[in-house]
Amino acid sequence: PNYISVSKLANLLNCRIETLMKDLRKLGFSNTTHNYILSKEYVELILQEYNYNLPASSLTLTSANAYDELKSPIDPKLLKKRPPIVTIMGHVDHGKTTIIDYLRKSSVVAQEHGGITQHIGAFKITTPITKKNITFLDTPGHAAFLKMRERGANITDIIVLVISIEDSIMPQTLEAIKHIKKSGNELVVAITKIDMISRKQDREKALDKVMNDLINNDISIEKIGGDVQVVPISAKTGENMDLLEESIVLLSDMMDLRSENSPRTTVEGWVIESKVKKTVGNVATVLIKKGTLRNGTILLSGDTYCKVRSMTDEFGKQASKAEPSQVVEILGWKSLVNAGDEVLQAKTEAIAKKLIAKRAALLEVEKEATFVDKLNEKTAFEL
Ligand code: GDP
Ligand code: MG
């Protein structure tokens, strides 16, 4: 912001307005009032002249980076392997939802719970052969993902591109391909609905057609010596679904996905979904990016915070901890958080409250700055 009122500055500096006005008078500002507007240069002068408990550099703070002090650079020595995070994309009706439903229900963990899961925006499966975990985000078209992408956060590791054997590449498939190339995400192609073509030769012919269409769209599939795996599946009969899961595991092993995770790593994550639940209050589904989340941890997001009261997985089962790539529903938020917002750990509740107040003050300043910018400078200034 380039302009700020005396009262807002006092608020930001965490000092009494009277004290600030007295200092201003000493600097030669006569007739200052609480709504007197100061330019950035004057604010810098005041900060230089007097020891307010805010470094001048804080003035370059914006509400968008108000919580940056809670983030720490990654320590390569503390990196540990983590499961892949996968989203499914493709043309409408090509079978995305059917695949997600199949994976969710066939998962070993789901079967232990009678196949009943709650929609929390993501779910975890354990692969049948290699017993590895995969996290699927089941709402890829969700506004939260667009918001995260806008902020430069690409939380997905692998995209499964779904193409119906009957239709091959369609307009939304092309859009997905464009997105995959731009985002740099790794790719596995699933050719779906193979059960629809029972004659072997016809099926082979149709598969070849899809593969050629992929090649024509510069997808470097294994058939031509590339590294993109193509798996023909049926989410209806379950044919080759295990192969699809293992293809994802194979790819993620090659990607060597890691996150910092040690007792001293502070937790960072993203809100996937949030809602108010009648009996328990505000809940948020959070994807853990780094660190291990435990009950009692203080988390900050948007304009609110949380002392983690409990965590549950998609089966409604209590979790004692949540590690990188895991998704849990968290109870204990003071108010509702926004999907797509970042989640950061604060050491104490006091720190969380202080930072939230600071961000709120910055938001006010930004609002005021755009307002003042619109005014004629002459009327805004009495200097
Ligand atoms: P979405 O729009 O991509 O989520 O597609 P859906 O999963 O809703 O599937 C669209 C239609 O195709 C539904 O009627 C599904 O039952 C059907 N479908 C999806 N996958 C398969 C499959 O592997 N085989 C067959 N025969 N039908 C499928
Ligand atoms: Mg669908």
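Numbering of ligands and ligand atoms starts at 1, following listing order.
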Tell me yes or no: between the side chains of [X] and [Y], is some donor less than 3.5 Å from an acceptor?
X	Y	result
Ser183	Asn185	yes
Asp167	His91	no
Asp213	Ser168	yes

So, is Lys96 polar-close to ligand 1, with some N/O to N/O distance under 3.5 Å?
yes

May I ask you to check whether Gly95 has an N/O atom sitting below 3.5 Å from an N/O atom of ligand 1?
yes

As an exercise, identify every atom of ligand 1 less than 4.0 angstrom from a heavy atom of Val92.
2 (O)

Any atoms of ligand 1 less than 4.0 Å from a non-hydrogen atom of Ser234? List them with their elements.
23 (O), 24 (N)

Using heavy-atom distances, let me know which of His91, Lys236, Gln172 sits nearest atom 25 (C) of ligand 1.
Lys236

Identify which one of Glu260, Glu342, Glu268 satisfies the salt bridge (charged side-chain N to carboxylate O under 4.0 Å, His left out) criterion when paired with Lys71.
Glu342

Under 4.0 angstrom from ligand 1, any heavy atom of Asp195?
yes

Quick one: does Ala235 get within less than 4.0 Å of ligand 1, heavy atoms only?
yes

Which residues and atoms, protein N, O or S only, are under 2.8 Å from the Mg ion (ligand 2)?
Thr97 OG1

Are Val308 and Leu336 grouped together when hydrophobic residues (ILVMFWY) are joined by side-chain heavy atoms under 4.5 angstrom apart?
no

Which residue and non-hydrogen atom of the protein lie closest to atom 4 (O) of ligand 1, and at what distance in Å?
Thr97 OG1, 2.8 Å

Looking only at protein heavy atoms, identify the closest one to atom 7 (O) of ligand 1 and say how far it is in Å.
Thr98 OG1, 2.5 Å

Quick check against the 3.5 Å criterion: does Gln345 have a side-chain atom that pairs as donor or acceptor with the backbone of Ile298?
no

What are the two closest non-hydrogen atoms of Pro324 and Gly291, and how far apart are they?
CD-O, 3.2 Å

Sidechain N-carboxylate O distance under 4.0 Å for Lys209, Glu204:
no

Roughly how far, to the nearest 0.5 Å, is the CZ atom of Arg359 from the CG atom of Leu300?
8.5 Å

Does some non-hydrogen atom of the protein lie less than 4.0 angstrom from atom 13 (C) of ligand 1?
no

